[in-house]
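Remember, it's 1-based here, ligands and their atoms both numbered in the order they're listed. Because the structure is a prediction, the values reported are computed rather than measured.
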Amino acid sequence: MSKSPSLPPGNLGLPVIGETLSFLRDSNFSSRRLEKYGKVFKTSILGKKTVIMTGAKANQFLFKHENKYVQATWPKSTKILLGPSSLSVQSGEFHTSRRKLLYQAFQPRALESYLPKMEEITRQYFQKWTDLGEFTWYREIRDYTFDIASSLLVGTEGGSQTPLADLYTEWVKGLFSLPIPLPWTTFGKSLACRQKLLIYIEEIVKKRASQPNTGNDALGLLLAAKDEEGNNLSLAELKDQVLLLLFAGHETLTSALVSFCLLVAQHPEVWTRLRQEQRDLNLTSPLSPEKLKAMTYLEQVLKEVLRLIPPVGGGFRKVIESFEFDGYLIPKNWLVQYQIRQTQRDPEIYPESEVFNPDRFAPGQEKQESCSYVPFGGGLRECLGKEFARLEMRVFAALLIQKYQWELLPNQDLSMGIVPTPHPKDGLKVRFSLL
Ligand code: HEM
């Protein structure tokens, strides 16, 4: 008779709190345990027993068995703060139908129509940064990505100058926290911000709903949509979806762009090659999808940025039926987390995996195993805004390289904070100028 599988190795930590504090504070939480226990280990975080699974095989397994063994979920704090109707916390038919609807705002044709506005906002920010000369880039890039998301996804220009931006900053702090709703806890403060955010978002939704033509951006599509009974979506749902789109549409991108600026500043040889590519292409304004496509070295660099410092470290799934993986039992009702960050640093797949080397993605070099490169997740829950994000990253990076230079100021902490997304702890202080 075959031996019944045992639980993975690992430590469940203290009662209730488990290993939550190290999970939130230690950027090496997973790598340390990976070294100690191997690619599948157990822990207890954010109030739930959790198995962390690393590697291409684990990703393939989890993406393939979505809705059979596992189902997308988020820690309780995230779920409550995103709201009950948010696409991210839904599953099954509701998820499929809303995803299909929202996807229209991210199709190639829609993306192409966003390009001029994206370019315009990008140039305005570059002008502002040239005038400033020295500044902390993380905060600025956050405003920039927020303005793009609010302008292109929900038709509200200059979102970063409204109270929405500061409210988001406070709100995200509670997304991964112990869900204790008291006025002085991180979670309690975030919850209060959610209520204030919803008030502003309601104004945006109502203003748009009163216009004769609701338009074709994400909010326009949601406003025009009908549910199965032919009714418009409820105001509560509209607000949750807008809250999600604005959050997902700027927080991750901010991290990706800041990492690009940091890594390129630290690798002048990469900057030189990027410059050379732009010079060789000798492109005139405005940008077009074809012109962006021709920037092959830039594409390699951006790919490597997302490999080395992925904005999302992993994704949570709820186990809906016990299963066996790699000889271990993964029990029903536990959570699993698939690992983006650790998988993309697997030295068996990426030699010298800690080194920033865009040439690993040079044409002809790409022979990685499927699901070993997953900055946008995979399967049924793959990032909805993937192409929007790739477009914005290319526009930002191409225009930056064409005309500007930047250097890191001395005496700053460049080690990475991880909440809500990876960023240098001092926010990346730079000197910025025209070439
Ligand atoms: C570099 C930027 C981005 C990265 C690295 C990223 C990463 C991810 C990842 C890893 C997931 C899947 C999480 C899981 O498996 O549970 C995801 C989901 C999602 N992303 Fe992104 N994202 C980015 C930008 C965006 C943008 C610009 C939007 C647009 C508004 C967006 C909207 C979404 C949405 C709505 C989901 C949920 C999809 C679903 O549950 O069906 N993301 N993203």
Side-chain angles (χ1 to χ4, degrees), residues 53 58-59 62-63 66-67 70-75 78-79 82-83 85-107 110-111 114 118 141-142 144-146 148-154 159 175-176 217-219 221-222 240-260 302-303 305-318 335-341 343-344 371 373-397 420-423:
M53 296 171 56
N59 295 340
L62 293 170
F63 295 156
E66 178 91 37
N67 292 335
V70 294
Q71 204 160 57
T73 190
W74 289 94
T78 323
K79 268 200 237 171
L82 284 173
S85 305
S86 177
L87 178 78
S88 279
V89 307
Q90 290 296 331
S91 48
E93 272 178 34
F94 184 93
H95 171 255
T96 315
S97 78
R98 289 299 184 268
R99 206 180 142 97
K100 220 164 123 191
L101 172 71
L102 282 170
Y103 178 68
Q104 295 175 60
F106 300 101
Q107 279 175 349
L111 293 175
Y114 299 153
M118 236 181 222
I141 291 185
R142 209 157 200 250
Y144 161 75
T145 56
F146 195 72
I148 291 197
S150 59
S151 167
L152 293 178
L153 300 176
V154 302
L175 283 181
F176 298 95
D217 63 7
L219 177 55
L221 290 164
L222 286 165
D240 278 356
Q241 303 297 20
V242 169
L243 182 78
L244 169 71
L245 287 174
L246 284 180
F247 158 63
H250 88 286
E251 202 65 60
T252 43
L253 264 166
T254 303
S255 172
L257 296 179
V258 168
S259 299
F260 170 82
L302 294 175
K303 228 174 154 181
V305 168
L306 291 180
R307 180 195 70 82
L308 194 62
I309 315 182
V312 180
F316 287 95
R317 300 289 183 266
K318 179 170 66 186
L335 292 189
V336 291
Q337 191 202 33
Y338 73 89
Q339 270 288 330
I340 296 176
R341 186 180 141 91
T343 301
Q344 296 183 167
C371 295
Y373 182 80
V374 287
F376 295 102
L380 292 176
R381 316 292 303 212
E382 192 185 38
C383 176
L384 188 70
K386 176 178 166 184
E387 294 307 326
F388 184 94
R390 291 186 59 231
L391 182 71
E392 189 170 328
M393 286 178 73
R394 280 178 293 164
V395 169
F396 175 92
T421 49
H423 61 279

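- Contacts between His250 and ligand 1 below 4.0 angstrom, taking non-hydrogen atoms only, are absent altogether.
- Residues Thr421 and Thr254 fail the side-chain proximity criterion, which asks for heavy atoms closer than 4.5 Å.
- Heavy-atom distances between Leu246 and ligand 1 stay at or above 4.0 Å for every pair.
- At a 4.0 Å heavy-atom cut-off, ligand 1 touches Leu153 through the side chain alone.
- The nearest protein atom to atom 5 (C) of ligand 1, hydrogens excluded, is given as Pro375 O, 3.5 Å; this is a heavy-atom distance.
- Of the inter-residue distances, the one linking Lys79 atom NZ with Ser86 atom OG reads 12.0 Å to the nearest 0.5 angstrom.
- Evaluation of the salt bridge (charged side-chain N to carboxylate O under 4.0 Å, His left out) test over residues 85-102, restricted to residues two or more places apart or in two chains, returns Arg98-Glu237.
- Around atom 21 (Fe) of ligand 1, the protein N, O or S atoms closer than 2.8 Å are Cys383 SG, listed by chain and residue number.
- At least one donor-acceptor pair under 3.5 Å links the side chain of Ser255 to the backbone N or O of Pro422.
- Using a 4.5 Å cut-off on side-chain heavy atoms (C-beta onward), His250 and Ile148 make no contact.
- Considering only heavy atoms from C-beta on, Leu253 stays 4.5 Å or farther from Pro311 through its side chain.
- Summary of contacts: the protein heavy atom closest to atom 38 (C) of ligand 1 is Arg99 NH1, 3.5 Å.
- Residues that satisfy the side chain to side chain contact (heavy atoms under 4.5 Å, CB included) test with Leu175, not counting sequence neighbours, are Thr78, Leu81, Trp171, Val172, Phe247.
- Of the possible polar contacts, one joining the Gln344 side chain to the Val374 backbone as a donor-acceptor pair under 3.5 Å is found.
- The distance from atom CG of Asp240 to atom CD of Gln90, rounded to the nearest 0.5 Å, is 9.0 Å.
- Within the 3.5 Å criterion, the main-chain N or O of Ser88 finds a donor-acceptor partner in the side chain of Arg381.
- In this structure the side chain of Leu101 reaches within 4.5 angstrom of the side chain of Leu222, judged on heavy atoms.
- Using 4.0 Å as the threshold, Gln90 has no heavy atom nearer than that to any atom of ligand 1.
- Taking every heavy atom of His95 and a limit of under 4.0 angstrom, the matching atoms of ligand 1 come to 39 (C), 40 (O), 41 (O).
- Taking every heavy atom of Ile340 and a limit of under 4.0 angstrom, the matching atoms of ligand 1 come to 10 (C).
- Contact check for Leu87 versus His95: side-chain heavy atoms found under the 4.5 Å cut-off.
- Protein heavy atom at the shortest distance from atom 37 (C) of ligand 1 is Ser88 OG, 3.7 Å.
- Close approach to Phe388 involves these atoms of ligand 1, each under 4.0 Å from a residue heavy atom: 27 (C).
- The nearest heavy-atom contact from the protein to atom 12 (C) of ligand 1 is Arg381 O, 3.6 Å.
- With a 4.0 Å heavy-atom cut-off, ligand 1 is reached by the side chain of Tyr338 but not by its N, CA, C or O.
- Neither the backbone nor the side chain of Leu102 has any atom closer than 4.0 Å to an atom of ligand 1 (non-hydrogen atoms only).
- Heavy-atom proximity to Leu245, at under 4.0 Å, picks out these atoms of ligand 1: 30 (C).
- Scanning all protein heavy atoms for the shortest distance to atom 16 (O) of ligand 1 gives Arg317 NH1, 2.9 Å.
- Residues Tyr373 and Leu306 form a side-chain contact, since some pair of their non-hydrogen atoms from C-beta on lies under 4.5 Å apart.
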Between side-chain atoms of residues 384-397 and protein atoms elsewhere (two or more places apart, or another chain), which donor-acceptor pairs fall under 3.5 Å?
| from | atom 1 | to | atom 2 | distance (Å) |
| --- | --- | --- | --- | --- |
| Lys386 | NZ | Glu382 | OE2 | 3.3 |
| Glu387 | OE1 | Arg390 | NH1 | 2.9 |
| Glu387 | OE2 | Arg390 | NH1 | 3.4 |
| Arg390 | NH2 | Glu299 | OE2 | 2.7 |
| Arg394 | NE | Arg390 | O | 3.3 |

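- Here's the thing with Trp74: none of its N/O atoms is less than 3.5 angstrom from an N/O atom of ligand 1.
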